[in-house]
Structures are given as structure tokens and as C-alpha cells.
S.K.: 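There's a structure below that I have some questions on.
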Amino acid sequence: MKMNILKYLPSIACAILASFVSCNDLDLAPTNKFTDLNYWTSEAKASSVLSMAYSQMMSSGYFFADERLSDNLYEGRGSTDEKLITSGQANAALGRFSEDWKKCFEGIKTCHTFLENVDRVPDMDETVKNRMKAEARFIRAMLFFRLANNYGDVPLFDYTLTIEEANTIARSPKADVIKFVRDELNDIVGTLPTRQEYAAADNGRITKGAAMTLLARTYLYENDWQNVSSVCEKIINGEYGEYALFSSYAGLFLPENEYNSEVILDMGYLLNLRTWSEMYDGIPLSVGGRVNGFAPTQELVDDYIMKNGRSIHESGSGYKEDDPYINRDPRLQATIVYHGYQWTDGNGKTSTIYIKPGSSADAGAANLDEYIGPGQNSTATGYYLRKWFDPTAPAGLASGLNLILMRYADVLLMYAEAKTELGEMNETVWNKTIRPIRERAGFTDASALNYPASGDMQTIVRRERRCELAIEGTRLYDIRRWKTIETALNGNPRGAKFAADNTQYIQLDKRSFNKDRDYLFAIPQSQRDINKNLTQNPGY
């Protein structure tokens with residue numbers, strides 16, 4: 001069942017909106033609305049504030065927008081902030097920079113309000129109170145971690161700022177922010193329950209496993225392989241709760257399987273209460289999509305290996321460029337819609353998706369999904385999305401499907417990468433990381449499952465990570481830390497082989513990445529206009 005804390009969202013949101021009185025984004029709601037002595041009278045009211053903090057931890061909009069900032073997705077219509085960023089045209093006044101900053105600090109403010117006032121609640125069970133404090137501290141740590149990754153040095157504080165402080169505070173070094181995050185996670189892990197210690201009504205709450213997975217990510221993003229290995233090994237050994245790969249890769253992302261054994265942390269959604277609808281502009285038009293706003297790139301498609309474990313360009317792979325989707329990694333079909341795809345809707349009805357130019361006759365009617373060219377309603381790349389499609393969502397795809405932020409496969413992949421970078425990858429490590437991930441995906445060939453006797457292990461592990469975690473919000477941060485973003489986001493991405501009468505790959509709009517500027521977002525100009533102590537990142 002969905003976490004009970006979701007039920008507080010409508011009332012708490014209204015209360016917060018009513019209390020917006022601020023000078024800048026570090027002085028944000030909730031303010032006196034929740035510090036009044038008359039408010040903190042019950043555990044339910046305290047839960048309302050914590051519920052808002054949960055909702056501010058991450059949004060569906062940024063979950064998918066982060067993928068559009070990577071080489072996994074391409075935007076074919078309009079001129080969004082993400083498209084401006086990837087084309088090299090961003091400046092400090094861009095809305096994405098100011099909104100991300102604002103929303104993170106809104107969530108931090110909510111956490112501070114909770115932490116500074118929950119002790120006022122009379123007769124509250126101390127164990128529950130301390131657990132809720134740990135949850136709020138986790139959310140605050142996660143938001144500071146996001147800020148540090150996107151902006152570098154950011155203001156760091158652990159209490160509600162006065163207006164004067166908010167308007168004069170300086171940026172703290174990124175290293176100090178990351179240390180704060182790690183110290184918080186290490187301090188709260190003893191207070192948080194494991195997932196098994198929560199009742200079903202509390203599904204979705206933050207756990208020991210979530211705290212340690214976030215800790216592992218803080219080391220991963222700084223290439224601290226020894227600590228990545230150490231933390232992940234403890235998670236794998238069950239020291240922070242029991243996790244296991246779910247039986248079906250495609251089933252991971254279906255509503256009937258929420259809170260399964262693999263999920264470590266997700267964003268909770270519920271029909272008619274809190275929903276998201278980004279897939280409305282990602283799926284084929286013929287099965288209910290509106291227009292195609294973003295679509296997978298050929299580069300992502302090409303990284304899915306063959307069922308025999310070989311990359312498509314590797315000798316002996318069996319790859320056929322004119323029949324490119326047969327005998328491929330089963331996760332390709334679970335993630336991406338290609339020409340000839342067999343689409344099954346929520347009623348069990350199957351239809352063929354025709355995308356290749358000239359396939360209208362095969363469709364037997366007006367073909368909404370066919371690739372036409374740039375700027376059209378249909379796909380700009382020759383592909384659509386399947387992963388995250390909610391077959392139970394109503395028309396318009398206002399989905400109540402939870403979006404997974406952390407799962408056990410990521411822990412296994414972090415561990416495999418750390419062991420590879422340490423020179424410690426071997427058959428034993430492979431057999432408890434990559435092999436079970438591939439077995440769950442549906443690979444059966446021994447050549448795909450067995451530890452490879454040759455090949456570039458770094459490339460193998462990185463490719464595995466991309467295909468396993470595609471469209472889950474991690475790719476941008478991976479290519480940043482690998483420094484491959486300097487190549488991946490420079491030049492023209494490609495779409496399917498549908499150009500020039502289906503003889504050439506679609507060439508998409510050029511992307512531009514300035515290594516001296518684009519690893520970080522700009523500090524919002526609107527904030528620097530208020531607070532002269534906020535310095536700017538290089539290049540902006």
C-alpha cells in the first residue's frame with residue numbers, strides 16, 4: 001500500500017502556499033505558519049510537514065529533465081531550458097538554474113522547520129520522533145548533495161536563516177557540503193529502521209539502506225573507489241536491511257510491483273492525490289501520447305548489447321544494421337519503442353508501432369507515429385519510450401506510479417565499478433553483480449553470463465550501468481564524473497536510420513559542452529542581485 005504520509009499532501013501544500021513571504025530563495029515557506037505554538041499539537045500535524053519535505057526531495061519534472069540533459073534523450077520540439085543548456089546557450093538568468101536552486105532550498109527550509117519544532121509536540125513517542133528527525137535530516141542531506149553536484153560551492157546552514165542572513169550568506173566550499181552530507185548520513189543510520197522493520201503502512205519511508213546508498217553515491221561521484229566498495233559491500237551483505245533483485249526487469253516499473261525487494265527509495269505517487277504525467281509526451285501517439293517532446297537517441301540504442309553478450313560492433317556479435325532490433329539485450333524492449341515494436345496496453349491489447357518512413361501503408365490507417373522530420377508531433381529520433389509507462393493511468397497519463405530513486409541493482413553496479421577501478425574485478429565479483437543483473441534481464445547465453453576472459457572491463461561495466469539504469473535520472477551524473485560528457489554532449493546526436501530514404505541515420509541538432517563552464521550550473525542571477533556575497537561559477 002501507499003505510504004500513509006501521502007494523505008497529508010493536499011492540506012500541507014495549501015498551508016505552505018498561503019505562507020509565501022520571502023526575500024530570496026533561502027528564505028522560503030513554510031515560515032510562521034508552522035512555528036506558531038498552536039500548530040505543533042499532534043503527531044499528525046508534524047507528519048504533515050515531514051510529508052511536504054518528502055514531496056520536495058525530488059520531482060518528476062527534474063527526474064526526466066536530468067535525462068534530457070544527458071545523451072540518453074533528445075528533445076525534438078520547442079526550446080526548453082534543458083535544450084538551451086545542451087546547445088551551449090545557457091546563461092545565469094535561465095529558469096532551470098533558478099528553479100532547481102529554489103526548489104532545493106524550499107525543501108531544506110521545510111526540513112529545518114520540522115527539526116526546529118517537532119519537539120513542541122506533546123506526548124509524542126520518542127522513538128517515532130527521533131526516526132522522523134532522521135528522515136528529515138536525510139532529505140536535507142539529499143537536497144544539499146544535489147545542490148553541490150549541480151552548483152559546486154553553495155550556502156551551507158543547518159537552521160532557519162533570518163532574512164538578513166539569507167541576504168548575506170556566502171557559498172561554502174563543495175568539499176564542506178559533501179562532508180556535511182556524509183556526517184549526517186553516518187549519524188542518522190543508527191536511528192533509521194531497515195525496510196523490514198517498517199510496517200506495510202510505512203512503505204516508502206527512508207531506511208538505513210537509503211542512507212547508505214546515498215552515502216555510496218557521495219563517494220561514487222568523487223571516484224573514491226575504496227569507500228564505494230566498502231559501503232556497497234555492507235549493503236550487499238545485508239547490514240542495512242535485506243534487498244534482492246526483483247524477478248522481472250520490465251515488472252520493476254509497473255504499479256502492481258511497487259515497494260518490491262529491489263526498491264531502496266522512491267518518490268511516492270497516488271492516483272487522484274499526487275500524480276505525474278511526463279510520459280504523455282514520451283510514448284507513441286497512436287497509443288495515447290500527446291506529442292513527442294523527448295525521445296531516446298541512437299547512441300543509447302546502440303549501447304544495448306546482443307544476447308550473446310557482444311557489443312553490436314564487436315566481431316561475432318551477429319548484429320544486422322538493416323534488422324537492428326533482433327537478438328538484443330531484453331532491456332532494450334523494456335525501455336525503448338522502435339519500428340515494429342509490439343505495444344501492449346493496460347487492457348492487454350497489442351498493436352504494432354510503425355515508425356519507419358513509408359510505413360503508413362503497413363499501419364493500415366493514418367500513422368501518427370511515423371518519423372516525418374524535425375519539429376513534428378511525432379518522434380524526432382525514430383524512437384519512443386516504454387519504460388515508466390503506467391498501463392493503469394487514465395487518458396492524459398496522470399500516473400500514480402512511484403518513480404524509483406534508488407534500487408539494489410544500482411548498488412551492485414556501483415560495487416562492480418569500484419572493483420573494476422581498483423583492479424579487483426574477478427569472477428567472484430562478476431558473479432554477484434553483473435551476472436545476476438543480466439540473468440534477471442533475460443539473458444541466457446553463457447557468453448553473456450560468464451565472466452569475460454577478455455575485453456575492456458571498464459567499458460563493459462559502464463555500458464551495463466547505462467542500459468540497466470536508462471531513464472532513471474543517473475546518466476547525467478555518470479557522464480559528468482567519467483568526464484565523457486565532454487564528448488557525449490559535443491556534436492550531433494543521431495536518431496534511427498530513417499534519413500535519406502532510410503539509408504542514413506538522422507542527424508539531430510548540434511549539442512555543445514564547454515568543459516570550462518558546463519560541469520556546473522550558473523548561480524541564479526536573481527539570487528546574486530539580492531545577495532552580493534554569492535559569487536558566480538566560471539564562464540557565466
Side-chain angles (χ1 to χ4, degrees), residues 1-3 5-6 53-54 57-58 60 63 66 131 134-143 145-146 181-182 184-186 188-200 202-221 227-249 251-255 257-269 387-388 401-418 432-433 436-437 440 465 468-475 477-478:
M1 64 184 295
K2 297 282 186 177
M3 184 172 63
I5 204 167
L6 276 174
Y54 265 91
M57 182 166 51
M58 185 58 167
S60 62
F63 185 83
D66 283 353
R131 186 208 73 208
E135 292 172 71
R137 290 171 67 186
F138 173 94
I139 295 169
R140 179 177 63 180
M142 191 166 180
L143 290 168
F145 184 54
R146 180 174 178 85
V181 170
R182 290 172 180 159
E184 285 287 278
L185 296 172
N186 281 314
I188 65 176
V189 68
T191 303
L192 289 167
T194 66
R195 60 173 292 160
Q196 286 77 27
E197 291 169 338
Y198 275 120
D202 288 316
N203 277 339
R205 286 192 181 274
I206 292 156
T207 62
K208 290 182 186 294
M212 290 299 98
T213 301
L214 182 56
L215 181 64
R217 282 187 181 176
T218 70
Y219 292 120
L220 182 77
Y221 288 7
N227 275 309
V228 174
S229 174
S230 175
V231 175
C232 288
E233 190 162 3
K234 291 178 181 178
I235 299 172
I236 293 168
N237 290 340
E239 293 187 28
Y240 304 112
E242 297 296 326
Y243 297 97
L245 295 175
F246 185 62
S247 58
S248 163
Y249 182 79
L252 262 173
F253 311 102
L254 293 176
N257 298 320
E258 289 176 339
Y259 308 118
N260 63 69
S261 61
E262 187 167 343
V263 176
I264 297 175
L265 181 67
D266 56 12
M267 285 188 283
Y269 289 90
K387 192 174 185 177
W388 297 117
L401 174 67
N402 291 355
L403 293 173
I404 301 170
L405 298 176
M406 299 177 185
R407 57 186 178 94
Y408 186 58
D410 188 8
V411 174
L412 297 181
L413 289 165
M414 286 193 285
Y415 185 66
E417 184 177 352
K432 69 178 181 181
T433 57
I437 287 173
R440 187 272 299 279
R465 182 173 180 84
E468 174 70 22
L469 301 177
I471 325 301
E472 296 186 42
T474 62
R475 179 65 177 175
Y477 302 97
D478 285 341

S.K.: The test is side-chain contact (heavy atoms from CB on, under 4.5 Å); show your working for Glu239 and Met212 and say whether it passes.
M.R.: CA-CA 10 Å; Glu239 293 187 28; Met212 290 299 98; over 6 Å; no
S.K.: Over all heavy atoms of both residues, which pair between Ala416 and Thr433 is shortest? Give the atoms and the distance, please.
M.R.: CB-OG1, 3.7 Å
S.K.: Give the minimum heavy-atom separation between Asn257 and Gly251, together with the two atoms involved.
M.R.: ND2-O, 2.8 Å
S.K.: I'd like to know if the side chain of Glu472 and the backbone of Leu405 have a donor-acceptor N/O pair within less than 3.5 Å.
M.R.: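 No, Glu472 side chain to Leu405 backbone: no donor-acceptor pair under 3.5 Å.
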S.K.: Looking at Arg407 and Asp266, is there a salt bridge between them, counting it only when a charged N and a carboxylate O are closer than 4.0 Å?
M.R.: no
S.K.: Please answer whether the main-chain N or O of Glu262 pairs with a side-chain N or O of Asn260 as donor and acceptor at a distance below 3.5 Å.
M.R.: yes
S.K.: Taking it one step at a time, do Met58 and Met142 satisfy side-chain contact (heavy atoms from CB on, under 4.5 Å)?
M.R.: CA-CA 9 Å; Met58 185 58 167; Met142 191 166 180; 5.5 Å; no
S.K.: Could you check if a side-chain atom of Tyr408 sits within less than 4.5 angstrom of a side-chain atom of Ile236, using non-hydrogen atoms only?
M.R.: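 In contact.
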S.K.: Indicate the atoms forming the closest heavy-atom contact of Gln196 with Gly241, along with that distance.
M.R.: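 Reported closest heavy-atom pair: OE1-CA, 3.5 Å.
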S.K.: How long is the straight-line distance from OG of Ser229 back to CD of Glu417, given to the nearest 0.5 Å?
M.R.: 12.0 Å
S.K.: Please check if any side-chain donor atom of Tyr415 sits under 3.5 Å from a side-chain acceptor atom of Ser230, or the reverse.
M.R.: no
S.K.: With side chain to side chain donor-acceptor pair (under 3.5 Å) as the test, would you mind laying out the steps for Tyr243 and Thr213 before giving the verdict?
M.R.: CA-CA 12 Å; Tyr243 297 97; Thr213 301; over 6 Å; no
S.K.: Look only at the side chain of Asn203 and the backbone of Ala200, and say whether a donor-acceptor pair between them is shorter than 3.5 Å.
M.R.: yes
S.K.: Quick one: are Arg146 and Asp66 in side-chain contact, heavy atoms under 4.5 Å?
M.R.: yes
S.K.: Could you check if a side-chain atom of Cys232 sits within less than 4.5 angstrom of a side-chain atom of Val228, using non-hydrogen atoms only?
M.R.: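 Yes, at least one pair of side-chain atoms sits under 4.5 Å.
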S.K.: What class does the angle between the rings of Tyr477 and Tyr221 fall in, given that below 30° is parallel, 30 to 60° is tilted and above 60° is perpendicular?
M.R.: parallel
S.K.: So Tyr269 and Ser60, do their side chains get closer than 4.5 Å, heavy atoms only?
M.R.: yes
S.K.: Nearest heavy-atom pair of Ala210 and Leu265: which atoms, and what distance?
M.R.: CB-CB, 4.3 Å
S.K.: Look only at the side chain of Lys208 and the backbone of Thr194, and say whether a donor-acceptor pair between them is shorter than 3.5 Å.
M.R.: no
S.K.: Applying side-chain contact (heavy atoms from CB on, under 4.5 Å), run through Arg195 and Tyr240 and close with a yes or a no.
M.R.: CA-CA 8 Å; Arg195 60 173 292 160; Tyr240 304 112; over 6 Å; no
S.K.: Going by side-chain hydrogen bond (donor to acceptor under 3.5 Å, both in side chains), Tyr249 matches just one of Arg440, Lys387, Glu468. Which one?
M.R.: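 So the option named by the test is Lys387.
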S.K.: Between atom CD1 of Ile437 and atom CG of Leu412, what is the distance when rounded to the nearest 0.5 Å?
M.R.: 5.0 Å
S.K.: Taking C-beta and beyond as the side chain, do Leu215 and Val231 meet within less than 4.5 Å on heavy atoms?
M.R.: yes
S.K.: If you take all heavy atoms of Leu192 and Ala211, which pair is closest and at what distance?
M.R.: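 Smallest heavy-atom distance, with atoms named: CD1-CB, 4.0 Å.
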S.K.: Give the C-alpha distance, both sets of side-chain angles, the deciding distance and a yes or no for side chain to side chain donor-acceptor pair (under 3.5 Å) between Tyr259 and Asn402.
M.R.: CA-CA 9 Å; Tyr259 308 118; Asn402 291 355; 3.1 Å; yes
S.K.: Kindly assign one of parallel, tilted or perpendicular to the pair Trp388 and Phe253, based on the angle between their ring planes and the thresholds 30° and 60°.
M.R.: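 Trp388 vs Phe253 ring planes: perpendicular.
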S.K.: Let me confirm one number: the CG-CG distance from Leu252 to Leu245, rounded to the nearest 0.5 Å.
M.R.: 8.5 Å
S.K.: If I compare all heavy atoms of Phe138 with all of Leu214, which pair ends up nearest, and what's the gap?
M.R.: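 Looks like CE1-CD2, 3.8 Å.
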S.K.: In the structure I gave you, are the side-chain heavy atoms of Arg205 and Tyr54 within less than 4.5 Å of one another anywhere?
M.R.: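 When only atoms from C-beta onward are counted, Tyr54 and Arg205 do touch, with a gap below 4.5 Å.
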S.K.: Looking only at side chains, do Arg182 and Thr218 share a donor and an acceptor under 3.5 Å apart?
M.R.: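 Short answer, yes.
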S.K.: Are the side chains of Arg217 and Thr474 in contact, using a 4.5 Å heavy-atom criterion?
M.R.: yes
S.K.: Start with the C-alpha distance between Leu469 and Arg475, add both sets of side-chain angles, then the distance that settles side-chain contact (heavy atoms from CB on, under 4.5 Å), and finish with yes or no.
M.R.: CA-CA 8 Å; Leu469 301 177; Arg475 179 65 177 175; over 6 Å; no
S.K.: Do Leu185 and Arg137 come within less than 4.5 Å of each other through their side chains, counting heavy atoms only?
M.R.: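 Not touching, per the 4.5 Å side-chain cut-off.
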S.K.: Would the distance check show the side chain of Glu184 and the main-chain N or O of Ala141 forming a donor-acceptor pair, the cut-off being under 3.5 Å?
M.R.: no
S.K.: Would you say Asp202's side chain and Tyr198's backbone share a donor-acceptor pair under 3.5 angstrom?
M.R.: no
